[in-house]
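Here the structure is laid out as structure tokens; the discussion comes afterwards.
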Amino acid sequence: MAAPFLWPVRVSADAGAASFNTGGITWHSYAEGLERAQVEGKPIYMLVHATWCPTCRAFRSVFFERRVEVLSQKLIFVLVDRDQEPEISQAYAPDGDYVPRSMILSPEGVLQGALTSGRSDYRYFLPVENPGPLIGLLQRALEIRI
């Protein structure tokens, strides 16, 4: 008898994760994301958000862009709820504990400070109205050796 096929588990930090396109992107908790990144040798894209944040809600739409879905297969995507996981959020807040924050981490969880939005303030805040800045960040993460 053939072994059953197991679908990948989609792990999320909160019940609202479905609106970040869990159908097209595999999101992981912080702990699972670190583990998988180390095993697979992939960089991590970590989004720190809050369920009450209107800017975070607006940002959700960019994760339905097909190019973001494709790039998500080459990185480990981690979703952190700032209010549910304050210790993680604060550990990755070099320029403030604002939301949303889009960060690239090494497979070991080290923040890649050179991969930012390009802003001098709120260095990890990406424009939320179009997927271009997120796509650019993900592509840069794949181009450098982390």
Side-chain angles (χ1 to χ4, degrees), residues 6-144 146:
L6 300 176
W7 291 99
V9 175
R10 298 196 192 294
V11 178
S12 65
D14 70 4
S19 41
F20 285 99
N21 188 12
T22 55
I25 295 174
T26 301
W27 289 96
H28 302 279
S29 68
Y30 177 77
E32 185 185 61
L34 277 178
E35 182 179 322
R36 291 192 62 116
Q38 290 175 21
V39 168
E40 297 179 27
K42 292 180 177 179
I44 297 168
Y45 166 72
M46 183 169 74
L47 174 62
V48 180
H49 75 106
T51 56
W52 51 262
C53 170
T55 305
C56 298
R57 285 193 295 273
F59 195 36
R60 293 172 180 172
S61 66
V62 303
F63 295 97
F64 289 87
E65 165 67 40
R66 182 69 185 135
R67 292 172 295 170
V68 173
E69 290 179 347
V70 169
L71 286 166
S72 76
Q73 297 169 11
K74 299 176 182 180
L75 294 97
I76 302 297
F77 271 46
V78 169
L79 189 61
V80 173
D81 184 314
R82 185 186 124 192
D83 298 324
Q84 298 296 318
E85 303 167 283
E87 65 289 341
I88 297 169
S89 181
Q90 291 166 9
Y92 291 97
D95 63 340
D97 198 17
Y98 55 89
V99 290
R101 290 194 313 275
S102 290
M103 309 176 109
I104 301 296
L105 313 179
S106 71
E108 296 75 33
V110 176
L111 175 63
Q112 303 303 294
L115 294 171
T116 68
S117 65
R119 295 172 55 131
S120 59
D121 63 340
Y122 306 114
R123 295 176 53 219
Y124 302 97
F125 176 82
L126 296 176
V128 299
E129 57 278 343
N130 73 71
L134 175 60
I135 290 167
L137 178 67
L138 299 175
Q139 288 174 331
R140 288 194 328 257
L142 293 169
E143 290 169 0
I144 65 166
I146 296 179

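Residues P100 and V128 approach most closely at CG-CG1, 4.4 Å, considering heavy atoms. The two atoms that bring L105 and L111 nearest to each other are CD2-CA, 3.6 Å, heavy atoms only. Nearest heavy-atom pair, P131 versus V68, reported as atom, atom and distance to 0.1 Å: CB-CG2, 4.2 Å. Here the closest non-hydrogen pair linking V78 and V80 is CG1-CG2, 3.9 Å. Taking both residues in full, the closest heavy atoms of P107 and G41 are given as CG-C, 4.0 Å, listed atom of the first, atom of the second, then distance. Of all the heavy atoms in G24 and S72, the pair that sits closest is O-OG, 4.1 Å.
Side-chain contact check for V99 versus F59: every heavy-atom pair is 4.5 Å or farther apart. Two residues are said to be in side-chain contact when any heavy atoms from C-beta on lie closer than 4.5 Å; I144 and L115 meet this criterion. Here the side chains of L75 and L142 are in contact, with some heavy-atom distance below 4.5 Å. With a 4.5 Å cut-off on side-chain heavy atoms, Q112 and P43 do not count as touching. Counting heavy atoms from C-beta on, the side chains of Y124 and V48 never come closer than 4.5 Å. Looking at F77 and F63, their side chains come closer than 4.5 Å, going by heavy atoms from C-beta outward. Side-chain contact between L138 and Y45 is present, with heavy atoms from C-beta onward closer than 4.5 Å. Using a 4.5 Å heavy-atom cutoff, the side chains of L34 and I44 are in contact.
R60 contributes atom CZ, which lies 12.0 Å from atom CG of N21 (distance to the nearest 0.5 angstrom). If you take NE2 on H49 and OG on S102, they are separated by 11.5 Å, rounding to the nearest 0.5 Å. In this structure, the separation between CZ on R82 and CD1 on I88 is 14.0 Å, given to the nearest 0.5 Å. Expressed to the nearest 0.5 Å, how far OG of S89 lies from CD of Q84 amounts to 12.0 Å. For the atom pair CZ of R36 and OG1 of T26, the computed distance is 7.5 Å after rounding to the nearest 0.5 Å. For the atom pair NZ (K42) and NZ (K74), the distance works out to 10.0 Å, reported to the nearest 0.5 Å.
With hydrogens and angles ignored, the 3.5 Å screen pairs a side-chain donor or acceptor of R101 with a backbone N or O of Y92.
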| request: In sequence, state the C-alpha distance, the side-chain angles, and the governing distance for F125 and Y98, and then conclude on ring-ring contact (aromatic ring centres under 6.0 Å, His included). | output: CA-CA 8 Å; F125 176 82; Y98 55 89; 7.1 Å; no
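Between E143 and R140 there is no salt bridge, since none of the side-chain N atoms of the basic residue sits less than 4.0 Å from a carboxylate O of the acidic one.
Counting only N and O atoms by type, the side chains of R57 and S19 include no donor and acceptor under 3.5 Å apart.
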